[in-house]
Amino acid sequence: MIYDYFCNKINEVVYRRKFCQKRCFRIIKFLNMLQPRVRFAPSPTGALHIGGLRTALYNYLFAKKLGGTFILRIEDTDQTRYVAGAEKYITDALEWVGLDLNESPNLGGNFGPYRQSERKEMYGEFGHLLVKNGWGYYAFDTEEELNKKREEAEKNKQTFSYNVHTRNSLRNSLTLPKNEVEQLLNSGADFTIRLKCPADEIIYVNDIVRGQVEFQSNLLDDKVMLKSDGMPTYHLANVVDDYSMKITHVIRGEEWLPSTAHHVLLYRALGWEDKMPHFAHLPLILKPAPASYINNKNVDSLTEKFTSEFYKKNPNFTLKPKQEVQKMIRGILLDVNNISSRVQIKNKDKEDKIIIKEFLKSTLFGKLSKRDGDRLGFPVFPLAWQGEKEDDSFIGFREVGFDPKALINFLAFLGWNPGTEQEIFSLDELVEAFSLERIGKSGARFDYEKAKWYNQQYLIHGNDEEIAQQLKSIFDQKGWYTSNKKITKIAALYKERATFLNDIPNKAAFIFSDGFSYDEKNARKKWKEKNAAKNYELIDILKNTTDFSPENLEQVIKDFITDNELGFGDVMSPMRIALSGVAGGPSLFDIIYLIGKGRTIDRLKKGYQYFENL
RNA sequence: GCUCCUGUAGCCAAAUUGGUAAGGCACGCGACUUUCUAUCGUGUAAUUGCGGGUUCGAUCCCCGUCAGGAGUUCCA
């Protein structure tokens with residue numbers, strides 16, 4: 001397996017290098033393949049969402065499969081966006097799902113420090129090196145000046161880009177006289193260092209997921225490498241760190257694909273092209289398909305939510321009264337079959353309609369966002385997050401009751417699949433089955449129903465004793481006491497009827513407490529006056545029965561029914577409702593066994609009297 | 001607007017150097033102690049976005065077109 005992987009990679013390298021590169025270079029690549037070093041590099045700007053966790057998972061799976069190293073690097077170069085507690089959230093989340101790190105800020109390692117803010121000095125050095133070797137230049141344009149240019153361009157429906165075509169008319173070390181540049185630098189004026197993208201060239205990026213992707217260098221913008229505060233941008237920091245940490249594979253989200261050309265250029269500029277890592281860009285995680293969650297039941301509450309959100313986003317919208325806005329949103333939501341085409345903006349649409357449609361389009365489609373969780377009622381974060389404002393606080397998969405193993409399994413299939421029919425994988429099995437080649441190219445749709453299905457599968461296939469143990473602690477808290485044997489029985493019976501472990505106590509509450517109400521509709525239907533005497537007679541028979549095992553109860557009750565020529569439903573349905581309040585649930589005989597003789601008799605009497613008066 | 005990526009049933013998603021379409025979710029039906037929002041079995045559903053081309057043969061290669069997404073920040 002590894003050997004095959006290997007040969008493919010070597011072939012790829014040979015192909016790319018047209019076969020004539022030095023043999024040692026190939027050997028280095030070869031050795032890298034044996035022990036890949038990959039990093040998960042989030043920035044601590046808030047809670048880590050599900051997409052970030054998936055990136056971490058894929059990095060982990062790839063590293064473990066090939067016996068490599070999984071590294072956490074904190075990308076905190078933007079001090080204005082730093083959020084206290086975010087780093088701890090990241091490590092807590094990784095720990096909860098069982099993604100063990102080999103090197104990290106906490107663990108340390110031979111390539112530290114692992115926070116970019118602590119590596120600040122080295123970036124400046126490389127930034128200036130770029131200027132020295134002709135791959136970069138000092139730019140003195142202020143943010144205001146550039147913003148003005150962007151606004152002007154926007155007026156003409158164009159985008160201002162700091163690139164080959166425009167850099168010669170801007171204030172930088174390429175256009176200013178040498179002495180003026182020196183004077184500016186000496187005077188301590190603010191400056192940035194920009195990458196000088198070459199002209200008339202095609203940059204090739206070899207992506208493991210997407211194959212060869214081409215970029216025209218003329219269209220690339222001269223990205224800022226070193227900011228005026230002395231900190232690097234992501235682009236510089238990322239390349240410098242990946243090089244110095246000997247990263248062999250960069251596995252990250254698709255949003256990075258367009259800037260990868262710059263990164264390739266940077267490796268070249270710094271003379272590290274031979275050490276450039278392989279790239280693998282993961283498909284985006286998309287919002288769930290509207291048709292999958294909008295239905296007649298929730299359309300009103302969704303309309304409500306969308307409308308209030310619309311006004312939050314467009315506070316000055318007065319083109320139409322609120323009622324009409326609401327009506328329109330509802331109309332579009334209800335037209336499920338056509339929802340994607342209905343949101344299309346047409347030429348004849350008036351301004352008000354366009355604004356509303358644009359809002360709906362952006363909230364209904366596109367990348368999964370943290371807002372979607374609130375809106376659609378499912379978590380998009382692994383753990384709960386307490387933000388500064390109410391708006392910025394979320395619950396996580398853990399709090400909803402997800403088994404971390406189920407979450408991982410679900411996440412693994414969001415953009416990857418093994419090509420077999422197997423869908424349930426433990427983390428170790430995922431490691432075994434995983435390969436970057438099998439990652440899909442198209443966006444992966446987030447499907448909460450599928451996530452719940454996975455959790456249910458883990459519950460169903462879980463060990464009864466282990467589930468019972470977890471149940472016991474919940475029961476203890478509620479003051480529900482019974483034998484371990486019975487708790488295990490409850491686990492076995494109810495795990496198949498629950499999505500989350502937490503559902504079981506709700507469904508099984510009647511076993512411990514009499515405080516339930518009867519399903520009157522079903523009771524009325526199933527309780528028949530003509531059978532009343534027989535039903536009471538069965539209570540007496542049960543009173544005289546000593547063996548209350550499910551097997552014996554089944555024997556006794558069935559015999560009674562056949563002896564008296566009654567229907568099963570005539571006898572068992574009223575019993576069910578009297579004992580548990582509802583007409584559904586596990587086998588009646590198991591229910592009686594769990595409730596116990598004394599309470600069974602009491603409840604039957606009480607229930608039947610109630611049914612008689614309905 | 002420009003750049004890049006993507007487009008297989010209601011939804012997710014396989015078919016890895018071209019050989020006429022897996023599986024899952026949802027849905028229908030049946031069975032399961034005449035219970036069930038559970039479980040098991042089974043079934044319906046796709047002119048592979050659209051239009052051309054190359055080929056004996058195209059989901060796969062080429063051209064065009066439409067749609068969706070991402071990027072276009074001294075953010076990551």
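Keep in mind that the numbers below use all heavy atoms, side chains included, and drop hydrogens, waters and symmetry copies. The sequence lines fix the lettering, A, B, ..., with proteins before strands; numbering per chain opens at 1.
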With a 4.5 Å limit on heavy-atom distance, are the side chains of A:Val571 and A:Asn531 in contact?
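SC-SC contact between A:Val571 and A:Asn531 ruled out.
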Requested in this report: Assign A:Ala444 to base, sugar-phosphate, or nothing according to its heavy-atom contacts below 4.0 angstrom with the strands shown.
Outcome: sugar-phosphate
Check: Heavy atoms under 4.0 Å, any strand shown: does A:Glu214 hit a base, just sugar-phosphate, or nothing?
Finding: sugar-phosphate
Whole Å only: how far is the [atom1] atom of [X] from the [atom2] atom of [N]?
{"X": "A:Arg445", "N": "B:G7", "atom1": "CZ", "atom2": "C1'", "answer": "11 Å"}
{"X": "A:Leu368", "N": "B:C12", "atom1": "CG", "atom2": "C1'", "answer": "14 Å"}
{"X": "A:Tyr448", "N": "B:C12", "atom1": "OH", "atom2": "P", "answer": "19 Å"}
{"X": "A:Leu282", "N": "B:U6", "atom1": "CG", "atom2": "P", "answer": "14 Å"}

Both distances below 3.5 Å, Watson-Crick or wobble geometry, any strand: find the nucleotide opposite [N].
{"N": "B:C74", "value": "none"}
{"N": "B:U37", "value": "none"}
{"N": "B:C27", "value": "B:G43"}
{"N": "B:U6", "value": "B:A67"}

Using a cut-off of less than 4.0 Å, is there contact between a side-chain N or O of A:Asn417 and OP1 or OP2 of B:A13?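 Looking at the OP1 and OP2 atoms of B:A13, neither is under 4.0 Å from any side-chain N or O of A:Asn417.
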Establish, with yes or no, whether the OP1 or OP2 oxygen of B:G68 is under 4.0 angstrom from a side-chain nitrogen or oxygen of A:Lys361.
->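 For A:Lys361, the contact criterion (side-chain N or O under 4.0 Å from OP1 or OP2 of B:G68) is met.
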Protein-proximity profile, nucleotides 70-76 of chain B, B/S/- by nucleotide at the 4.0 Å heavy-atom cutoff, equals SSSSBBB
Within the 3.5 Å criterion, strictly below it, is a donor on A:Ser117 or A:Asp76 matched to an acceptor on the partner's side chain? yes
Give me the distance, rounded to whole Å, that separates B:C62 from B:A67 when you measure between the P atoms they each carry. 22 Å
Practice task
Check whether more than 12 heavy atoms from other residues, nucleotides or ligands sit under 6.0 Å from atom CD of A:Gln216, and answer yes or no.
Solution key: no
Are any protein N/O atoms closer than 3.5 Å to N/O atoms in nucleotides 32-35 of chain B? If there are, list each pair with its distance.
residue	atom	partner	partner atom	Å
B:U33	N3	A:Ser587	OG	3.2
B:U33	O4	A:Ser587	OG	2.3
B:U35	O2'	A:Ala583	O	2.6
B:U35	O2	A:Ala583	O	3.3
B:U35	O2	A:Gly585	N	3.2
B:U35	O2	A:Gly585	O	3.2
B:U35	N3	A:Arg576	NH2	3.2
B:U35	N3	A:Gly585	O	3.1

Would you tabulate the pairs of protein nitrogen or oxygen atoms and nucleotide nitrogen or oxygen atoms of nucleotides 39-44 of chain B closer than 3.5 angstrom?
none

